[in-house]
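Order of listing sets the numbers, starting from 1, for every ligand and every atom in it. In this text, all values refer to a predicted model and were calculated from it rather than measured experimentally.
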Amino acid sequence: MPSRRSSVYRCTECGAEHPKWVGRCEGCGAWNTVAEEPVTRPAGKRGRAKGSVPGRAPVRLADLAVQRVSRWSTGLGEFDYVLGGGVVPGSLILVGGEPGIGKSTLLLQCAARLEGQGIATLYASGEEAPEQIKLRADRLAEDCGNVKLLGEVRLEEIIAQASITGAKVLVVDSIQTTYTEELEGAPGNVGQVRECAARLMRFAKDSSTAVLLVGHVTRGGVIAGPKTLEHIVDTVLYFEGDTSSDYRILRAVKNRFGSVDEVGVFEMTGRGLVPVENPSAAFLSSRDSSAPGSAVTALMEGTRPLLVEIQALAARSGFGTPQRVATGLDHRRLAVLLAVLEQRAGLKFHEQDVFVNVTGGVRLLEPAADLAVVAALCSTLYNRPVAADTIFLGEVGLGGEVRPIVALERRLAEAERLGFRRAFVSSRSRPTSALDLVPVAHVAELARRLAA
Ligand code: TYD
Ligand code: MG
């Protein structure tokens with residue numbers, strides 16, 4: 001006897017099914033992960049009836065014709081680049097980011113540009129009233145006049161309107177304010193968010209409409225509620241940046257139609273977001289290389305090297321435990337590097353408050369930046385600036401040893417392009433480069449050279 005229930009309660013972590021909502025999953029013990037899910041209708045008869053037309057037949061791989069994915073280029077260079085060349089029709093793209101970072105601005109600009117090419121768009125917002133969106137539109141360099149707006153939170157209505165207006169691109173701002181009437185529970189809860197995303201995915205595939213979905217990210221960095229959303233959609237882009245800086249970084253963390261980890265850099269101006277064509281130069285533009293505590297490194301962001309400045313400041317602390325404040329890098333990584341400098345190079349930080357900052361709102365995710373962090377720390381402690389034309393490329397191990405890093409030559413080439421002359425690298429790497437290479441084996445050696 002098939003169940004008559006129209007929904008089940010499923011744990012979004014382990015998938016365990018519960019007959020009713022519970023605060024704690026009995027399967028895996030996780031709290032607050034159980035969400036309502038509609039039951040998919042049971043297929044009428046199991047198996048295929050005799051004489052019915054079979055579905056799609058299997059195909060030999062060799063016989064498959066490769067179709068090139070068509071794309072709509074928005075003309076916002078960095079956005080197209082991160083997507084892998086433009087918006088793919090029928091794809092579902094999630095744009096996540098903290099509130100206020102510029103997601104709505106980015107997607108409104110995209111909609112305007114696509115509309116400008118005659119690609120019909122619909123911008124559905126449950127976040128702001130149409131009048132508010134109009135105010136934003138009036139600030140932008142783009143002409144948003146033809147973008148159709150819909151102030152709506154009901155998913156069914158949004159999809160219906162997208163079909164009626166024949167939109168080829170649908171923006172839903174945001175997934176947390178959208179809800180389906182088929183599920184109980186307030187908008188933004190895990191079940192609603194997942195179901196709405198799954199329905200939008202089906203709509204995108206069935207109608208070849210590209211759906212761009214806004215998702216708010218909490219300070220902790222997860223897309224509010226459901227990390228599971230990432231599995232549903234085709235592409236996940238994160239829009240990041242430091243609100244104290246005007247630079248914004250768009251990062252692809254999942255992409256079924258392009259490569260991941262590619263980043264695009266924008267600047268938030270008074271007239272919306274402007275793609276930054278030469279991010280390395282932009283990030284170094286406000287650098288004061290005569291100040292102690294500043295060192296430059298090159299990060300690999302996807303396939304592109306990106307030069308960033310690391311600033312460190314050590315200041316004698318008052319009483320109690322000295323402070324360690326890291327912006328743009330993991331504070332545990334900073335603690336490790338400080339401990340290595342203390343133990344392996346004899347530098348004394350235990351009575352110093354230490355502040356480290358990565359400029360431009362970039363986050364250091366690779367250990368390749370270690371050597372530059374260490375150089376900035378030595379420089380501030382010695383109160384001696386690092387030579388302006390020098391770059392640091394190396395990973396630091398717990399023994400104080402300087403290790404080789406990946407893609408060293410590409411990073412060196414970018415540094416050369418931006419006028420750098422000298423590079424500190426691991427003595428174990430043998431790159432070919434036009435730069436003057438300074439091989440270092442150990443952090444103590446680096447510290448000695450920077451003190452001299
Ligand atoms: P918004 O797109 O509303 O962010 P989100 O949708 O991610 O919450 O943009 C928020 C900020 O951007 C807001 O503080 C104002 C600023 N802004 C500009 O500086 N210039 C502009 O042209 C626009 C439209 C916004
Ligand atoms: Mg918004």
Side-chain angles (χ1 to χ4, degrees), residues 74-79 82-83 93-116 121-153 155 158 169-179 187-188 193 196-197 200 211-225 229-230 233 235-253 263-276 282 286 360-361 363:
T74 62
L76 265 178
E78 296 287 291
F79 184 72
V82 172
L83 284 175
I93 302 165
L94 175 68
V95 179
E98 286 178 11
I101 205 73
K103 302 179 293 295
S104 303
T105 307
L106 179 70
L107 294 185
L108 186 57
Q109 284 182 249
C110 288
R113 281 164 175 263
L114 290 166
E115 192 68 61
T121 56
L122 177 66
Y123 192 108
S125 177
E127 293 266 325
E128 293 158 306
E131 296 72 33
Q132 265 175 299
I133 300 171
K134 164 100 174 122
L135 288 178
R136 176 183 294 118
D138 289 343
R139 293 179 67 173
L140 301 177
E142 276 85 3
D143 174 13
C144 304
N146 288 326
V147 176
K148 279 180 221 69
L149 280 188
L150 178 68
E152 182 59 73
V153 291
L155 182 76
I158 293 172
V169 176
L170 169 66
V171 177
V172 179
D173 189 357
S174 67
I175 186 69
Q176 278 93 3
T177 54
T178 306
Y179 81 101
V193 163
C196 289
L200 284 169
V211 180
L212 296 155
L213 197 55
V214 171
H216 290 296
V217 166
T218 56
R219 294 265 154 199
V222 288
I223 289 190
L229 210 54
E230 295 191 355
V233 303
T235 301
V236 181
L237 308 179
Y238 277 95
F239 208 28
E240 320 169 325
D242 198 338
T243 31
S244 62
S245 136
D246 290 332
Y247 293 115
R248 300 285 182 269
I249 294 168
L250 187 68
R251 183 186 302 277
V253 296
V263 302
V265 182
F266 295 88
E267 188 176 357
M268 182 62 98
T269 68
R271 305 196 67 197
L273 291 156
V274 178
V276 175
S286 53
R363 278 191 297 142

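Because the distance cut-off is set at 2.8 Å, Ser104 qualifies as a neighbour of the Mg ion (ligand 2) through one of its N, O or S atoms.
Note: Ile175 CD1 to Glu127 CD = 11.0 Å, rounded to the nearest 0.5 Å. In this structure, CG on Asp246 lies 8.5 Å from CE on Met268, to the nearest 0.5 angstrom.
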Assess whether side-chain contact (heavy atoms from CB on, under 4.5 Å) is satisfied between Thr105 and Leu140, documenting all intermediate values.
-> CA-CA 8 Å; Thr105 307; Leu140 301 177; 3.8 Å; yes
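Comparing heavy-atom distances from atom 12 (O) of ligand 1 across Glu128, Met268, Arg271 singles out Met268 as nearest.
At the shortest separation from atom 2 (O) of ligand 1 among protein heavy atoms lies Thr105 OG1, 2.5 Å. Given atom 15 (C) of ligand 1, the protein heavy atom at minimum distance is Arg139 NH1, 4.2 Å. When hydrogens are left out, the protein atom nearest atom 4 (O) of ligand 1 is Gly102 N, 3.0 Å; that is the closest non-hydrogen contact. In terms of protein heavy-atom proximity, atom 8 (O) of ligand 1 is nearest to Gly100 N, 2.7 Å. The nearest protein atom to atom 20 (N) of ligand 1, hydrogens excluded, is given as Thr269 O, 2.7 Å; this is a heavy-atom distance. The nearest heavy-atom contact from the protein to atom 6 (O) of ligand 1 is Ser104 OG, 2.7 Å. When hydrogens are left out, the protein atom nearest atom 3 (O) of ligand 1 is Arg136 NH2, 2.7 Å; that is the closest non-hydrogen contact.
Remark: ligand 1 atoms within the under-4.0 Å shell around heavy atoms of Gly270 are 22 (O). Ligand 1 places these atoms under 4.0 Å from at least one heavy atom of Gly272: 21 (C), 22 (O).
Between Glu128 and Ser104, some side-chain heavy-atom pair lies under the 4.5 Å cut-off.
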